[in-house]
There are 2 protein chains.
Amino acid sequence: MPIRDDLETLDFFKGLDGSLLDLLAAFVQTRTVAKGEAVFADGDACDGFYAVLQGQVRIYKMSPAGREHILHVFGPGEAFGEVAVFKGLRFPAHAQALRASRLAFIPREPLKRAMAREPELALGMLGLLSLRLLHFVRKVEELGLKEVPARLAAHLLLLREEHPESQTVTLDMAKGQLATYLGTIPETLSRILKRLADQQLIALDGHRITLLDPATLAALASGEERLE
Amino acid sequence: MPIRDDLETLDFFKGLDGSLLDLLAAFVQTRTVAKGEAVFADGDACDGFYAVLQGQVRIYKMSPAGREHILHVFGPGEAFGEVAVFKGLRFPAHAQALRASRLAFIPREPLKRAMAREPELALGMLGLLSLRLLHFVRKVEELGLKEVPARLAAHLLLLREEHPESQTVTLDMAKGQLATYLGTIPETLSRILKRLADQQLIALDGHRITLLDPATLAALASGEERLE
DNA sequence: CTCGGACCTTGACCTATATCAAGAAAACGC
DNA sequence: GCGTTTTCTTGATATAGGTCAAGGTCCGAG
């Protein structure tokens, strides 16, 4: 049963025991999307949520003026679109595959029924939503209180946490995408990267960035210090 | 049993049947706080969440430079601090009473046990978190994509939804507080209110604001139109 | 190899909004 | 009711960052 094996790879279902997985596998569906294809659009009716099995998906908002703001980029094992599942009737943002991807779709109603029987599932979902909420609280804080250099520094330090040994991080997306993730535009990001490099805080090499002075970057990220 | 009656007034527990309320009343505590008193601080250990029985509480972040950004203001019936309950170990923001208030505290562990027995509770909590998430998605969108006049217009329209009959809204907080809620500062808010009034979009009278031209305000809020 | 397109960088300019400073108004205690 | 304090408004100024425009670099398709 391919779906069942897939489910095990999802962060959210990790650690569930076999019988629960069987229960889920009975109603979870899979969907493949091509690079650039929309998974859902802002405002679409929402009767379930998704998880990435393989590939990469971005969640973003669009302003009437056409500017985009990426809220999130998700890779294998991560769930998305769950924000609206239990109250909202519509997805609150756009989702688009950044590369050819395979997704799992978990429909709401059968999930609710499963949860009513297996509180374990509901508690897992609560944890997932709590984490997501924490992520947004941090984002709101950064957008409202901090300047772009601080947000960039925070992002670089966060990236490094995935490989704490190394001083070098690889950008997980194109620079233009990163700009909209940080709530800015490519030109500004480019200038700030240059300023960081001028100050010897980082060294640039295409999409690889070496953190030369993590301490100062951290001070920047927290807002204690400003970039000259 | 006073606590039990209190619980019924909370949005989150509304509609639960009596036996469930009894279950909750057994471990929910109440706490009274004076005006200006901190309920919890950013980074405090978090082993439960709160709800407002009477009074008003604001949730806010603070930048190292000392600027504040209000994330939320909660009144009677609303829950807060639930963001971190199921995953995070710490509160992600500050909470402070804006006036003398009476609060309910729902400790995590007994709640989890109750949920394991009563999935109904967990589903309610999922709904609550979903709504909160939606709120943050909207906030991130506004902060990243929109200018202050748009955010203000959106806020005014939102306020009016509470009394759709009337064209006049009453600010639920001091103007300075509203400024930090919108991610700006009092001076800027004051100027923009004046500009809106100059454009005949609103009429100002202390904390009462009459929406003279909701259609244009809506266009402003969505970003389709800009303020001259 | 080389053409074309996507992406990135750089520069000149402009606008929104923060900062600083001072005054006006409103709220509050006595 | 009056002075004090807090809140709000207004003005002058500074600056971060967005916009527009022009190159530059990299990479894949043919």
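In what follows, chains are A, B, ... by sequence order, proteins preceding strands, each numbered from 1.
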Value in whole Å for how far the [atom2] atom of [N] lies from [atom1] of [X]:
X: L171(B); N: dA26(C); atom1: CG; atom2: P; answer: 15 Å
X: L143(A); N: dA18(C); atom1: CG; atom2: P; answer: 13 Å
X: L227(B); N: dA16(C); atom1: CG; atom2: C1'; answer: 12 Å
X: R226(B); N: dC14(C); atom1: CZ; atom2: P; answer: 15 Å
X: L189(A); N: dC8(C); atom1: CG; atom2: P; answer: 9 Å
X: L152(B); N: dT17(C); atom1: CG; atom2: P; answer: 11 Å
X: H69(B); N: dA18(C); atom1: NE2; atom2: C1'; answer: 15 Å

Worksheet item: Under a 4.5 Å cut-off applied to non-hydrogen side-chain atoms, are E162(B) and D172(B) in contact?
Response: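 No, their side chains stay 4.5 Å or more apart.
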Item to complete: Measure the shortest side-chain to side-chain distance between M125(A) and L126(B) over non-hydrogen atoms and say whether it is less than 4.5 angstrom.
Response: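 A side-chain contact exists here, since the closest heavy-atom pair is under 4.5 Å.
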Worksheet item: If the sugar-phosphate is the primed atoms plus P, OP1 and OP2 and the base is the rest, what is the B/S/- string for nucleotides 23-30 of chain D, using protein heavy atoms under 4.0 Å?
Response: --------
Practice prompt. Go along nucleotides 17-22 of chain D 5' to 3' and tag each nucleotide: B for a protein heavy atom under 4.0 Å from its base, S when only backbone or sugar atoms are that close, - otherwise.
Written response: SBBB--
Worksheet item: Do R208(A) and T170(A) meet the criterion of a side-chain donor-acceptor pair at a distance under 3.5 Å?
Response: yes
Worksheet item: For R226(A), does the CZ atom sit with more than 12 other heavy atoms under 6.0 Å from it, leaving out its own atoms?
Response: no
I want to check one thing: is the phosphate of [N], taken as OP1 and OP2, less than 4.0 Å away from some side-chain N or O of [X]?
X: K194(A); N: dC8(C); value: no
X: K175(B); N: dA26(C); value: no
X: H207(B); N: dC8(D); value: yes

Discussion item. I need the R191(B) CZ to R195(B) CZ distance, nearest 0.5 Å.
Written reply: 10.0 Å
Do you know which two heavy atoms are closest between [X] and [Y], and how far apart they sit?
X: E142(A); Y: A154(A); result: OE2-CB, 3.6 Å
X: L145(A); Y: K61(B); result: CD2-CB, 3.9 Å
X: L157(B); Y: P214(B); result: CD2-O, 4.2 Å

Worksheet item: Should the pair F91(A) and Y50(A) be assigned to parallel (<30°), tilted (30 to 60°) or perpendicular (>60°) ring geometry?
Response: tilted
